[in-house]
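Since the structure is predicted, the reported quantities are computational estimates derived from the model, not experimental observations. Computation of the quantities below employed the complete heavy-atom set of this structure, encompassing side-chain atoms and omitting hydrogens, waters and symmetry-equivalent molecules.
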Amino acid sequence: MSVHSQARRISVPQLMAYKGERKIAALTSYSAPFARLLDEALDMILIGDSTAMVAYGLPDTLSFTVEQMAAHAAAVVRSTSHVCIIADMPFGSYQQSPQQAFANAAHILASSGADGVKLEGGVAMAETTRFLVERGIPVLAHVGLMPQYVNTMGGFKAQGMNDESAERILVDAVAHQQAGAFGVVLEGVAEALGRRITETLDIPTIGIGASPACDGQILVTEDILGLSGDRIPKFARQFADVGSQIRQAVEQYAKEVRDGEFPKLENCFGVKK
């Protein structure tokens, strides 16, 4: 019998056990280079459908496909060994029926090796969450501001800003907990609501533009590194300006190429030392 010393990934049950014990640190990633850099520091990586906007320059997340998600998730899984990996369910891949959701979620997980999926939606999607969980697919629910609902919400607007909206989002979150979700992403909600939902639920809440009281936080990696252009979302913070460093490096490379300073002979093959 072989003995394996390789450290195991953080599992979905471990993330659930962090509730009340420690904060969950999470970021998005969709490529091998970034995933390798993020792996050791974080608890969870989400391959978000935000990849459509961040990596492909699209105006929203709606055109991202199951095959694209599976390919990006596989790249992240291959490049990591520590973090729990969750993949977004693309728009149109799970709303039709629980059976459709299972077929696509199973394909993404089997193709990539990810640990679970995230899906957006309120009470109406709770039965889909239950269907997936009962068939062995961990689900991270997503309520509040839901980018896949951008057309019905009238844009990317903060949610839960009045009593009626707040109550509806609380009911959404509770419904997913009861359906077996292992956690809930709270995006773009009033701070008091984020705090209330976190105190109400027995499963972790992951905030993005929600509340410091959430059990964890997630941001788009490019937003914290200065790679998203001039506009930084209100709920994010730029922790480094990697963009300027990349620009400087590229400018230096271009200058040396044009000046004939690169490559040197030591960068070439078949040259005697």
Side-chain angles (χ1 to χ4, degrees), residues 9-16 24-39 42-56 58 60-96 98-121 125 128-129 131-133 135-143 146-149 176 179-187 203-204 206 208 216 218-222:
R9 286 185 185 276
I10 294 174
S11 66
V12 166
Q14 281 178 281
L15 287 181
M16 296 179 72
I24 296 168
L27 286 170
T28 63
S29 180
Y30 54 84
S31 68
F34 268 113
R36 281 194 293 268
L37 293 171
L38 303 181
D39 186 30
L42 299 177
D43 303 302
M44 185 183 87
I45 286 177
L46 171 70
I47 303 95
D49 59 2
S50 56
T51 301
M53 303 170 73
V54 177
Y56 291 85
L58 295 168
D60 53 46
T61 66
L62 303 183
S63 60
F64 206 57
T65 69
V66 169
E67 292 304 328
Q68 286 174 305
M69 177 56 65
H72 284 287
V76 171
V77 171
R78 285 193 297 267
S79 306
T80 57
S81 61
H82 170 72
V83 289
C84 187
I85 307 290
I86 304 299
D88 250 334
M89 293 293 290
F91 177 73
S93 70
Y94 61 96
Q95 291 92 340
Q96 183 177 354
Q99 291 77 13
Q100 179 207 29
F102 178 80
N104 286 318
H107 175 65
I108 290 171
L109 297 194
S111 299
S112 68
D115 300 295
V117 298
K118 179 174 77 65
L119 59 81
E120 298 179 16
M125 296 308 304
T128 296
T129 291
F131 192 90
L132 296 183
V133 172
R135 286 155 180 80
I137 296 180
V139 174
L140 177 63
H142 181 152
V143 302
M146 298 177 289
Q148 292 182 9
Y149 289 69
H176 280 287
F182 73 83
V184 179
V185 170
L186 303 177
E187 180 171 359
I203 58 176
I206 311 294
I208 176 168
I218 187 167
L219 288 173
V220 172
T221 298
E222 285 75 6

Can you name the nearest heavy-atom pair linking [X] to [Y], along with the distance?
X   : Y    : result
S81 : R9   : O-CG, 3.5 Å
M89 : A105 : CE-N, 3.7 Å
A52 : T61  : CB-CA, 4.0 Å
S93 : V66  : CB-CG2, 3.5 Å
V12 : P138 : CG2-CB, 3.9 Å
P98 : T128 : CG-OG1, 3.9 Å

Output, in order, the C-alpha distance, side-chain angles, deciding distance and verdict of side-chain contact (heavy atoms from CB on, under 4.5 Å) for L186 and V143.
-> CA-CA 6 Å; L186 303 177; V143 302; 3.6 Å; yes
[atom1] of [X] to [atom2] of [Y]: how many Å apart, nearest 0.5 Å?
X   : Y    : atom1 : atom2 : value
L62 : M53  : CG    : CE    : 9.5 Å
I85 : T80  : CD1   : OG1   : 4.0 Å
D43 : H82  : CG    : NE2   : 6.0 Å
Q95 : Q100 : CD    : CD    : 7.0 Å
L38 : L27  : CG    : CG    : 5.5 Å
L15 : I86  : CG    : CD1   : 7.0 Å

Where do E120 and F91 land on the side-chain contact (heavy atoms from CB on, under 4.5 Å) test, with the steps shown first?
-> CA-CA 9 Å; E120 298 179 16; F91 177 73; over 6 Å; no
Tell me, please, which residues at least two apart from [X] pass side-chain hydrogen bond (donor to acceptor under 3.5 Å, both in side chains).
X    : answer
N104 : none
S11  : Q14
T129 : H176
D115 : none

Under the rule for side-chain contact (heavy atoms from CB on, under 4.5 Å), what residues qualify as partners of [X], not counting sequence neighbours?
X    : result
S79  : A32, A35, R36
S111 : A70, H107
A106 : F102, I137
T65  : E67, Q68

Residue set satisfying ring pair (Phe, Tyr, Trp, His ring centres under 6.0 Å) with Y94, at least two apart, ordered chain then number -> none
Start with the C-alpha gap between I10 and M44, add the side-chain angles, then the distance that decides, and say whether side-chain contact (heavy atoms from CB on, under 4.5 Å) holds.
-> CA-CA 8 Å; I10 294 174; M44 185 183 87; over 6 Å; no
By salt bridge (Lys or Arg N to Asp or Glu O under 4.0 Å), which residues pair with D39, not counting sequence neighbours?
-> none
Within the 4.5 Å heavy-atom criterion, are [X] and [Y] side-chain neighbours or not?
X    : Y    : value
I208 : L219 : yes
V184 : L140 : no
Q148 : H142 : no

Residue pairs involving residues 69-89 (criterion salt bridge (Lys or Arg N to Asp or Glu O under 4.0 Å); sequence neighbours excluded) = D88-K118
Residue pairs passing the side-chain hydrogen bond (donor to acceptor under 3.5 Å, both in side chains) test where at least one lies in residues 24-35, sequence neighbours excluded | Y30-E222
Only one of I108, D49, L119 passes side chain to side chain contact (heavy atoms under 4.5 Å, CB included) with P90; say which it is.
->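 It is I108; the other options fail the test.
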